Amino acid sequence: MLSYIARRLLQLPLLLLFASLIVFSLMHLAPGSPVPLMLGDYSDPEAEAALTHALGLDRPLPVQYLSWLGNAMRGDLGFSVANRQDVLGEIMARLPNTLALAALAMTWAVAIAIPIGIISAVRQNTWVDYLSMGVALGGISIPNFILALFLILVISVQLEWLPISGGPSVTKDAVGALKFLILPALALGARGAGVIARMLRSCMVEVLHQDYITTARGKGVGNFRIYWRHALKNAFIPTLTVLGINFAYMLGGSVVIEQIFSLPGIGGYLMQAVLGRDFPVIQGISLCVAMVFIFVNLTTDILYSYVDPRIRYD
Amino acid sequence: MATETARDPREGKEGQGILVHRQRTLAIRRLRRNKAAMVGGAILIVLILSAIFAPLIAPYDPIDMDLARALDPPSVDHLLGTDSFGRDILSRILFGARVSLFIGLASVGWAGLVGVPAGLVAGYFGGTLGTVLMRLVDALLSFPPILLAIAISASMGGGQGTLIFALGMIYVPVFARLVRGSTLSLREEVFVMAAESYGVGTAKLLMRHILPNMIGVVVVQATIGFSSAIISEATLSFLGLGVPPPLPSWGRDLNDARVYIRETWWLVMIPALTIVISVLGINFLGDGLRDALDPKMRTRG
């Protein structure tokens with residue numbers, strides 16, 4: 001296990017390097033200079049030359065990459081072209097909101113997926129199972145932004161139970177922000193809930209056929225205890241990996257969800273940057289999210305090898 | 001699947017051909033017994049037909065505006081009503097199927113075109129090239145898919161080509177990793193070793209012996225990719241990064257309708273349900289295909 005962790009950690013710098021290369025090349029994907037795009041209607045040769053120089057785009061590509069990478073490693077992601085604010089500072093101010101949203105979405109996804117997964121495994125191939133798995137597939141198939149619109153339509157517009165959009169930053173008013181995070185979290189977590197429930201069901205089905213469960217039954221252990229204590233513990237291990245991936249996916253999904261609900265997270269910030277062709281911000285957010293993504297995946301994989309020492313990766 | 005073929009005593013093309021054929025017949029029979037998959041298949045056929053025959057069956061031109069009749073509820077003239085520009089919703093949905101299916105198919109197609117060879121090469125040759133390819137795949141997979149697509153299409157500027165490229169980039173690493181894994185295990189199979197020892201050329205070995213034996217997993221992955229490409233296209237169009245405006249797109253229509261969610265809720269529901277039903281149908285079909293092609297996987301979610 002230690003050698004596995006060591007190997008993963010050794011791969012990390014290379015992975016980060018390649019990820020940074022992808023982020024860097026974003027600015028150079030389009031043929032020609034991105035500067036006229038960034039300036040839009042106000043473009044004139046003088047302004048173009050000035051911005052080209054300010055962004056360092058007049059230097060050779062490898063030099064640009066190395067200096068961008070060097071700055072990024074020192075925590076300098078450049079400045080926003082739109083308002084000259086420090087990109088990293090802006091991201092850090094908004095990141096807690098996105099993480100809170102993803103955490104809330106994950107919490108409800110797990111909370112609902114576990115009972116659904118267990119019940120459909122226990123009642124395998126009955127109508128309960130088919131209904132639960134149908135609902136789970138529905139959760140996976142409904143795009144989060146459509147679910148968000150359904151929720152707004154029913155809960156905010158018709159029933160007027162919760163606000164449609166807006167809300168304070170969680171760092172300023174965590175309790176006040178909660179009310180605004182419920183619908184977005186519901187919309188964002190549905191897919192994960194479906195994936196986790198399906199995964200847990202199949203793992204539970206496998207585990208329930210194993211000898212130690214039969215032994216437990218023979219000893220007269222009650223069903224409830226078998227399902228929730230004996231079986232769930234082992235069935236949840238493979239589900240762990242799905243959990244990590246889904247958290248990372250939720251970070252991506254937050255872009256659309258934050259946009260719909262006008263939440264003050266990095267997703268909304270990204271869309272603002274995309275519409276304004278604010279390349280340093282787009283690059284900065286992509287890099288930060290990729291780093292969180294890599295970190296979450298690494299943590300789940302290591303955790304996985306820790307809780308299940310039988311796992312051998314090569 | 002692969003092992004059955006490998007253990008077949010009748011070595012050579014003919015024996016394999018018969019076996020592959022028999023497996024296919026069995027798979028089709030299993031698929032036809034799966035009701036959900038059949039419903040999914042029917043939905044997909046309806047989608048394809050409305051995409052192909054949209055100009056014939058659509059009652060109106062999908063971009064014809066009639067501001068006098070803007071935001072009309074469903075009526076005999078306009079079966080699904082009109083949008084804020086007075087355009088016929090039914091016609092826009094029908095033509096929108098063209099955009100959705102085309103973008104979905106094209107992006108998965110291009111992802112397969114890049115990802116499958118990359119996976120074959122990385123899996124069969126390994127070495128430095130394989131390592132570099134797989135690290136690149138890992139790096140691509142370290143971005144949330146939709147974020148990658150947003151960043152790419154934002155950087156390249158609008159257009160259908162950009163959209164297909166951006167969405168395809170999501171599935172290139174998925175295909176590459178899947179195919180590499182299958183190649184690694186197939187390379188150890190006896191029939192591949194036998195072919196190698198007969199001096200079959202590398203290209204022929206990959207194309208005739210390895211690739212056909214993993215076609216099942218690739219097809220299943222492509223189906224899953226197809227439905228999520230449709231979701232991603234709708235998402236990007238919803239965000240204003242999709243196909244350029246004159247073309248009708250379900251995602252953009254949904255975004256246009258969002259403003260009127262208080263007054264005309266059906267305007268939101270129609271494109272939303274269209275997307276959900278399409279995706280659900282393709283997922284049902286994909287699930288059925290997976291179960292049919294690999295019955296051992298049945299218990300797995």
Side-chain angles (χ1 to χ4, degrees), chain A residues 11 14-15 17-19 21-23 26-30 34 37 133-134 136-138 140-146 149-150 152-153 157 195 197-203 205-206 248-253 255-256 259-260 270-271 273-275 277 279 282-283 285-286 289-291 293-294 297, chain B residues 36 131-132 135-157 162 165-166 169 227-228 230-232 234-236 238-241 251 254-255 257-258 261-262 265 268-269 271-273 275-284 287 297 299-301:
Chain A
Q11 283 175 0
L14 195 64
L15 189 58
L17 196 73
F18 272 49
L21 205 58
I22 293 172
V23 170
L26 281 177
M27 206 178 206
H28 304 274
L29 275 177
L37 262 175
M133 287 304 106
L137 189 63
I140 297 170
S141 301
I142 298 181
N144 51 24
F145 68 100
I146 290 183
L149 291 176
F150 284 164
I152 289 177
L153 195 59
V157 175
V195 174
R198 274 156 61 106
M199 181 79 183
L200 189 63
R201 174 191 173 273
S202 62
C203 295
V205 166
E206 247 165 64
Y249 271 61
M250 284 173 187
L251 288 180
V255 177
V256 198
Q259 179 76 358
I260 294 178
L270 176 69
M271 281 317 295
V274 161
L275 298 175
R277 304 251 173 235
F279 281 91
I282 299 177
Q283 286 182 319
I285 293 176
S286 307
V289 173
M291 278 165 66
F293 204 136
I294 289 171
N297 279 340
Chain B
T131 311
V132 170
R135 286 294 92 80
L136 202 59
V137 161
D138 287 343
L140 277 171
L141 287 171
S142 7
F143 296 88
I146 197 70
L147 183 111
L148 190 67
I150 289 173
I152 292 175
S153 55
S155 308
M156 292 177 67
T162 302
F165 176 80
M169 282 314 279
S227 82
S228 52
I230 289 180
I231 295 185
S232 305
T235 310
L236 287 179
F238 182 76
L239 292 172
L241 292 168
L254 199 52
N255 192 30
R258 187 160 69 110
I261 196 165
R262 282 177 185 280
W265 55 267
V268 172
M269 292 298 275
L273 285 179
I275 296 171
V276 172
I277 292 171
S278 313
V279 169
L280 208 56
I282 298 169
N283 282 352
F284 276 146
D287 267 17
M297 292 288 287
T299 49
R300 296 208 160 261

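Below, read A as the first sequence line, B as the second, and so on, with proteins coming before strands; counting in each chain starts at 1. Just so it is clear, the model here is predicted, and its values are computed rather than measured.
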Atom group of A:Gln283 that falls short of 4.5 Å from chain B, counting heavy atoms: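 Neither part.
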A:Leu149 portion near chain B, given a 4.5 angstrom heavy-atom threshold: both
When A:Leu17, A:Leu153, A:Ile140, A:Asn144 are compared by non-hydrogen pairs under 4.5 Å with chain B, the top option: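 When all of A:Leu17, A:Leu153, A:Ile140, A:Asn144 are compared, A:Leu153 has the most.
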Contact winner vs chain B - A:Ala19, A:Ala273, A:Gly138, heavy-atom pairs under 4.5 Å: A:Ala19
Spacing of [atom1] belonging to [X] relative to [atom2] belonging to [Y], to within rounding of 0.5 Å:
{"X": "A:Phe145", "Y": "B:Leu239", "atom1": "CZ", "atom2": "CG", "result": "8.0 Å"}
{"X": "A:Gln11", "Y": "B:Thr131", "atom1": "CD", "atom2": "OG1", "result": "9.5 Å"}
{"X": "A:Leu21", "Y": "B:Leu136", "atom1": "CG", "atom2": "CG", "result": "8.0 Å"}
{"X": "A:Ile152", "Y": "B:Arg258", "atom1": "CD1", "atom2": "CZ", "result": "7.5 Å"}
{"X": "B:Asn255", "Y": "A:Gln259", "atom1": "CG", "atom2": "CD", "result": "8.5 Å"}
{"X": "B:Ile275", "Y": "A:Ser141", "atom1": "CD1", "atom2": "OG", "result": "12.5 Å"}

Do you know which two heavy atoms are closest between [X] and [Y], and how far apart they sit?
{"X": "B:Pro144", "Y": "A:Gly252", "value": "CB-CA, 3.4 Å"}
{"X": "B:Ala139", "Y": "A:Leu15", "value": "N-CD1, 3.5 Å"}
{"X": "A:Ser286", "Y": "B:Leu147", "value": "CA-CD2, 3.9 Å"}
{"X": "A:Ala290", "Y": "B:Phe143", "value": "CB-CE2, 3.5 Å"}
{"X": "B:Met269", "Y": "A:Phe150", "value": "SD-CE2, 3.3 Å"}

For A:Ile142, all residues meeting side chain to side chain contact (heavy atoms under 4.5 Å, CB included), sequence neighbours excluded: A:Ile146, A:Leu147, B:Val276
With B:Leu140 via side chain to side chain contact (heavy atoms under 4.5 Å, CB included) - residues at least two apart: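 For B:Leu140, the residues satisfying side chain to side chain contact (heavy atoms under 4.5 Å, CB included) (neighbours in sequence not counted) are A:Ile22, B:Leu148, B:Met169, B:Pro173.
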Using heavy-atom distances under 4.5 Å, tell me whether [X] contacts chain A through its side chain, its backbone, both, or neither.
{"X": "B:Ala36", "result": "neither"}
{"X": "B:Ser227", "result": "neither"}
{"X": "B:Phe238", "result": "side chain"}
{"X": "B:Ile261", "result": "both"}

Pair B:Asp138-A:Phe18, side-chain contact (heavy atoms from CB on, under 4.5 Å): steps then yes or no: CA-CA 9 Å; B:Asp138 287 343; A:Phe18 272 49; over 6 Å; no
For chain A, the option from B:Gly251, B:Ala234, B:Gly240 that forms the most heavy-atom pairs under 4.5 Å: B:Ala234
Most contacts with chain A, counted as non-hydrogen pairs under 4.5 angstrom, among B:Leu280, B:Ile146, B:Ile231, B:Val279: B:Leu280
The single option from A:Ile294, A:Val289, A:Asn297 passing side-chain contact (heavy atoms from CB on, under 4.5 Å) against B:Ser142: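 Exactly one candidate clears the test, A:Ile294.
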